[in-house]
Asker: 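Below you will find the structure I want to go over with you.
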Amino acid sequence: MDDINYLSLGGFTINYEDRAGLNSSLRILKDAEKYENVSLWGRILGVQKDYFVAQCWNDDIFGRKYFYSTDTITWLQLPEVTDDELKDISEIYSRFIGDPSYEYQVQSSVPNNEKEPINEEKRLSAVIKMINYDVEIVPRGAYYQDRLKRIHFNYKFKGLSEKEMIDLSSYFHFRSGFKLSLDTIEDRIDIDQSIDIFDNIEKDKPNGIWSLQVENGGSTVTLRSLLWPGYFFFHTPRSDMRQCKFGSMYNGFGIKNINLGVML
Amino acid sequence: MSEQDRSNEALNAPSPETEDINAPIENNEEQEGNGEQDLNNNNENEKEEKSSDDDKSKDETAAENGEGNEEKTENSEGNTENTLGKEEKTEASPVEPKPVEETVKKVTFSIPKDCVLTETEELLVAKTFLMKNSKKTNTNTYDHMSQIIMSILDSKIENAVDIFETLSTQVKKKKFVPDSFNSFGEFRYVKETNTELEDARVKIELFQNENEEAHADDGNEIPDLMSLYNLFEWAGLSLGKEETFLINASMQKLMNEKGLKSMRFWGKIYGTIKNYYIVEADQKEEDDDEEVYGDDDIVNQEEEEANLGDENENENENENNDNKNENEGDENEVQESQIEEPEYPVPKIKIKKPNPLSKEIKSGINKYVYYVCNYVGGPWYRLADVIPEKLQLSRKIRKYFTGELNHEIISYPPFEGSEAQYLRCQIARISAATTICPAGYYVFDTEDGEPEDTDGPQPIIVSTEYEALSNDQLLDLSNWVHHVPYILPQGRTLWENPFGSEEDEENDEENSEEEDNDEENEAEKVEPETGPQLLSPISQDDENDDIPSWVSKFCSRTLAPQFNPVCISSTRWPGAHTVALSDKFSSIYIGDGMKCYGNTYLSAFHIPQPLTAVMSEYQENELDKEITEQIDPTVEEERAFEEEQAEKLREKEEDEEGSEEEEEEGSDED
């Protein structure tokens, strides 16, 4: 929450009312749901109302639970989505309305097989899942793996060096299920098995799917995903003038950019 | 001081004796050379001799010597100490003592024998010698000694004598400056090339400029960006407060440089490599301003032209292109044909080129000029005016901005322009679609003429009778109106018949007579394109599929309505917002400059214009018609053929006669 100033590099911010509301309500949520970690995941802009989304987790960072709120005060847990539903939802491209019970009619591929309409709550959950899989990133070295293959946050992470900052290969997809491939010798040169635990985003296709920019005269680097417009990541390494910070937030319509291939 | 001296000398007690012995000897030599001597001198020498026995007495003599000049007391101290150092350093540098005597002798020889040397003169002689620089290290004994003494006095070491060598080396070490190229163990400092530093310098410039022009306020309109910033922040839009301030400073600078009449921060467009900060400015018009501003304005205009010349080449190119389009529309086509002029016969692409539409100058979409910069404090580039054709094209393509103005837009249909032009088109479209104001803020300027007389938009002026609407009223979309004219599909705000006036100029070689006829026919059919009237309420805008094209809401849920800013956002152009609070309102665009096409599954896709029909194959001349193409056999045909072959094989097996001939025939058929 202290990182809101960085968000303005992405052109958005959270106004003071929401900040105050979030600060209090997230603390209460953490206590009520008995989670060790609670943080703001992002905001999905609806037509009538915006959804604030919070993520909570205990030990397993990949087993995060999501809560949403339209007023920053009351939080409701998002339902789990099945794979079938996920597939259907990925074909919805309209704007979020801002009403969790709003129902979307799903076009079924098989005629005479009416599918149940999907409500916005489920869509929200699915979209978060997709965004997390597709674009959630962390800088290299921010998380490490111990001998028991558990992933921990690296408290001694100082930030990327100036050279690494502008290199896409030093940002990782923050998702589980990565298998280190050491096919060629080239791959093995710089590999640190405890740090290189995720896929890096350099190989994402098509090229240019990430917009990396250096802001504040080189002290901060921002990454915006063009696949999911609205996903914003910032990172500033530690220096004598500031702390090491990295973080990301989604602030968008929750719509995937399907025209990306044409637009680049 | 004195205590220290004493302590030092007390510690140095054994060595001064030897030193003092040396010094008198020199004196004695001189004395021997000089027969006549002052009594005073003798006395003093005697005293010095005595001082070798007693330290305290020596102090007194030193004090006496220095009566005339304080510096000399120091000198004397320095001298004695210097020699002290040498005596002790004999181990370290055994060569030094000998030259001392030799050079001193030389000095004495140079002095005429009958000349009487006073005590001070002798000191000077000694001093000049001691101050002689060593050829090796470019330092001299005198400075070195005084530095050692200074360091001793500063640090107040009790046993300075014991560690005198160390002190000496320490002092010498300090002198080692790794600046000379050949010095051993030199560290070369690489000058820090930090982008952060450059950025800071750029930003500092803004401050310096602002201070100078604090009073240069000649009625220019510039919005209070900082107060607007607070409104935007309520709506969840922000560029950062610090950055906003710098933008403001940068805008003021630009305004003073270019002599602009009014200015508005238009917004920010994100590119993939760099971003654009965009400022909308109203230039001073010559006609209007000559009366008001007089000579100053002319100067400004000239400066502006000069500045334009300095701007990047791309701009110039654009300007040039524009001019060409303006003046001689044909030239453009001619140029292209020159470029495409092939060395080998290639069919000429017969695409009917529509007549270039004349550009709107200082009106319509080109009423304002736009300046963009890539980073705060960076140079502002002026964007060229919109060309109607480009605007038409910009509607058909969908490309991310890169942040490079010179970047060529590669798209279909071909845009054939730089990103600067595309950016300008998008700005025009966004402005036209999303710049809104509360109803009643602008009124039609009735002085210029009746609204019925003119086809196009009437001039509008800020209403003097405008009373701020209450926030509840602002929430109602019908209280908001467009105040930027609608851009017709043609790419202009004022409709112009593309076939009307310029028909005479159609003497292009490429245009055949048939086409001319077609156009004439078309020209008769064409009806003027119309769009919504200026100052029409935004609630009348078409719906964006199933959701309204505008959404208004209060920024806060708890604030009292009179303090609660209203945010009106466009769903058609995501990123375009207008925030209002009582009498303050402002539009801003923060986004990637792309239009939202729709909300349904199908309309979400950007469907590029279908490719034009593939042209029929070129045939060089009629004689080559021998080469013909056959239709590929279908699967069924192939199977039939295979079966045939198989049957033939069977026949072969049955009748062995003439099988070879049949095979040959079969292969021929293949």
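Chain naming here is simple, since letters A, B, ... match the order of the sequence lines and numbering starts at 1 in each.
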Asker: Among Gly240(B), Gly591(B), Gly575(B), Ser556(B), who wins on heavy-atom pairs under 4.5 Å with chain A?
Answerer: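 With the most close heavy-atom pairs to chain A, the winner is Ser556(B).
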Asker: Rounded to the nearest 0.5 Å, how far does CG of Asn374(B) lie from CD of Gln213(A)?
Answerer: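 Separation between the atoms: 9.5 Å.
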Asker: Could you grab the distance from atom OG1 of Thr222(A) to atom OH of Tyr270(B), nearest 0.5 Å is fine?
Answerer: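 Here the interatomic distance stands at 8.0 Å.
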Asker: Phe253(A): which residues meet the ring-ring contact (aromatic ring centres under 6.0 Å, His included) condition with it, sequence neighbours left out?
Answerer: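 None.
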Asker: So for Ile590(B), is it side chain, backbone, both, or neither that comes closer than 4.5 Å to the heavy atoms of chain A?
Answerer: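 Side chain only.
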Asker: Does one side chain, of Tyr16(A) or Asn230(B), offer a donor that lies under 3.5 Å from an acceptor on the other?
Answerer: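 Tyr16(A) vs Asn230(B): no donor-acceptor pair found between side chains.
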Asker: Show your reasoning for whether side chain to side chain contact (heavy atoms under 4.5 Å, CB included) applies to Arg557(B) and Asp71(A).
Answerer: CA-CA 8 Å; Arg557(B) 287 172 296 276; Asp71(A) 58 357; 4.0 Å; yes
Asker: Begin from the C-alpha positions of Leu9(A) and Glu243(B) and carry the test side chain to side chain contact (heavy atoms under 4.5 Å, CB included) through to its verdict.
Answerer: CA-CA 9 Å; Leu9(A) 290 172; Glu243(B) 202 169 283; 4.1 Å; yes
Asker: A quick test of your reading: do over 12 heavy atoms of other residues, nucleotides or ligands sit less than 6.0 Å from NZ of Lys390(B)?
Answerer: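 Counting other residues, nucleotides and ligands, NZ of Lys390(B) exceeds 12 neighbours.
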Asker: Using non-hydrogen atoms only, which part of Phe232(B) is less than 4.5 Å away from chain A: side chain, backbone, both, or neither?
Answerer: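 Contact with chain A involves no heavy atom of Phe232(B) at all.
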Asker: Below 4.5 Å from any heavy atom of chain A, which atoms of Lys274(B) appear? Answer side chain, backbone, both or neither.
Answerer: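 Just its backbone gets close to chain A.
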Asker: From Lys241(B) NZ over to Thr13(A) OG1, what is the distance, rounded to the nearest 0.5 angstrom?
Answerer: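 Those atoms lie 10.5 Å apart.
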Asker: Quick check on Glu242(B) against chain A: is it the side chain, the backbone, both or neither that has a heavy atom closer than 4.5 Å?
Answerer: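 Neither part.
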Asker: In Å and rounded to the nearest 0.5 Å, what is the CG to OG1 distance from Leu45(A) to Thr571(B)?
Answerer: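 Between Leu45(A) CG and Thr571(B) OG1, I get 12.5 Å after rounding to 0.5 Å.
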Asker: How about Tyr375(B) and Glu215(A): do any of their side-chain heavy atoms sit closer than 4.5 Å?
Answerer: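 No, side chains not in contact.
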Asker: Heavy atoms under 4.5 Å from chain B: which residues of residues 223-237 of chain A carry them?
Answerer: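 From residues 223-237 of chain A, the residues near chain B are Arg224(A), Leu226(A), Pro229(A).
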Asker: As an exercise, state the distance from CZ of Phe401(B) to OG of Ser211(A), rounded to the nearest 0.5 Å.
Answerer: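 With rounding to 0.5 Å, CZ (Phe401(B)) is 13.5 Å from OG (Ser211(A)).
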Asker: Is it the case that atom CD in Gln243(A) sees more than 12 heavy atoms from other parts of the structure closer than 6.0 Å?
Answerer: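 Not more than 12 within 6.0 Å, no.
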Asker: Determine whether Lys553(B) and Asp50(A) make a side-chain contact, defined as any pair of heavy atoms from C-beta on separated by less than 4.5 Å.
Answerer: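 In short, these two side chains touch, coming nearer than 4.5 Å.
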Asker: Using a 4.5 angstrom heavy-atom cutoff, name the option from Val202(B), Ile273(B), Val551(B) with the most pairs to chain A.
Answerer: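 Greatest number of close heavy-atom pairs with chain A: Ile273(B).
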